[in-house]
Amino acid sequence: GSGHSFVFSISPKCMVYRQTGINNNFQWTSIGADFIPNGVGMGGQINFFGLFVGADFEKGHSRGTCTTFSSPCLSSEPCFTLDSVEVWACLP
């Protein structure tokens with residue numbers, strides 16, 4: 001991740017949350033670790049990510065208020081089960 005990273009919500013209204021400058025915790029990735037979360041996290045810190053998807057793509061969480069993006073909880077509940085995952089690439 002970089003300073004161009006952001007998180008967003010689409011409900012109840014579409015909002016984009018850009019970096020606050022408080023920290024550089026834009027993205028976290030870990031696979032195969034025993035004592036830290038395995039998956040992909042955006043913003044915040046370990047166990048308090050703005051958005052986190054587990055390595056098994058089954059569960060995740062969103063904790064508000066994320067210090068990196070000043071975003072609220074981005075899901076209807078802080079912990080959630082994923083129905084599907086869609087990945088996009090935006091190329092110049």
Side-chain angles (χ1 to χ4, degrees):
S2 72
H4 299 288
S5 300
F6 62 90
V7 294
F8 65 93
S9 63
I10 56 174
S11 179
K13 85 180 202 182
C14 189
M15 295 288 297
V16 174
Y17 302 95
R18 301 187 187 283
Q19 68 150 329
T20 61
I22 292 174
N23 60 44
N24 293 327
N25 301 342
F26 304 118
Q27 187 173 35
W28 162 273
T29 57
S30 178
I31 296 178
D34 291 327
F35 302 106
I36 53 178
N38 289 294
V40 177
M42 297 288 291
Q45 57 194 19
I46 294 176
N47 295 323
F48 295 95
F49 295 105
L51 179 64
F52 179 80
V53 175
D56 58 7
F57 290 93
E58 291 181 11
K59 296 186 180 190
H61 71 255
S62 178
R63 312 275 195 226
T65 298
C66 169
T67 54
T68 307
F69 301 110
S70 193
S71 59
C73 179
L74 299 171
S75 53
S76 58
E77 297 291 329
C79 295
F80 54 86
T81 301
L82 285 95
D83 293 325
S84 62
V85 176
E86 184 173 335
V87 179
W88 292 36
C90 299
L91 303 174

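The model shown is predicted, which means the values in this text are computed figures rather than measured ones.
Pairing each heavy atom of G50 with each of S62, the nearest pair is O-OG, 2.6 Å. When every heavy atom of P78 is checked against every heavy atom of C73, the shortest pair comes out as CA-SG, 3.9 Å.
Looking only at side-chain heavy atoms (C-beta outward), F80 and K59 stay at 4.5 Å or farther from each other. Two residues are said to be in side-chain contact when any heavy atoms from C-beta on lie closer than 4.5 Å; S70 and T65 meet this criterion. Under the 4.5 Å side-chain criterion, counting only non-hydrogen atoms from C-beta, P37 is in contact with N47.
Every residue meeting the ring-ring contact (aromatic ring centres under 6.0 Å, His included) condition with F52, not counting sequence neighbours, appears here in chain and number order: F49, H61. Looking at residues two or more places apart in sequence or on another chain, you find a side-chain hydrogen bond (donor to acceptor under 3.5 Å, both in side chains) between T68 and N23. Applying the side-chain contact (heavy atoms from CB on, under 4.5 Å) criterion to I36, with sequence neighbours excluded, gives W28, S30, A33, I46. By the side-chain contact (heavy atoms from CB on, under 4.5 Å) test, F48 pairs with Q45, R63, sequence neighbours left out.
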I'd like a table of donor-acceptor pairs (distance under 3.5 Å, sequence neighbours excluded) in which one partner is a side-chain atom from residues 82-92, with atom names and distances.
residue, atom, partner, partner atom, Å
E86, OE2, W88, NE1, 2.5

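The distance from atom OG of S75 to atom CG of L51, rounded to the nearest 0.5 Å, is 7.5 Å.
Cluster partners of V16, by chain and number: F6, F8, I10. The rule joins Ile, Leu, Val, Met, Phe, Trp and Tyr whenever side-chain heavy atoms lie under 4.5 Å apart. Within the hydrophobic cluster formed by Ile, Leu, Val, Met, Phe, Trp and Tyr side chains joined at under 4.5 Å, directly or through other members, V40 stands alone, with no partner residue.
Annotation: side chain to side chain donor-acceptor pair (under 3.5 Å) contacts involving residues 6-17, sequence neighbours excluded, are absent.
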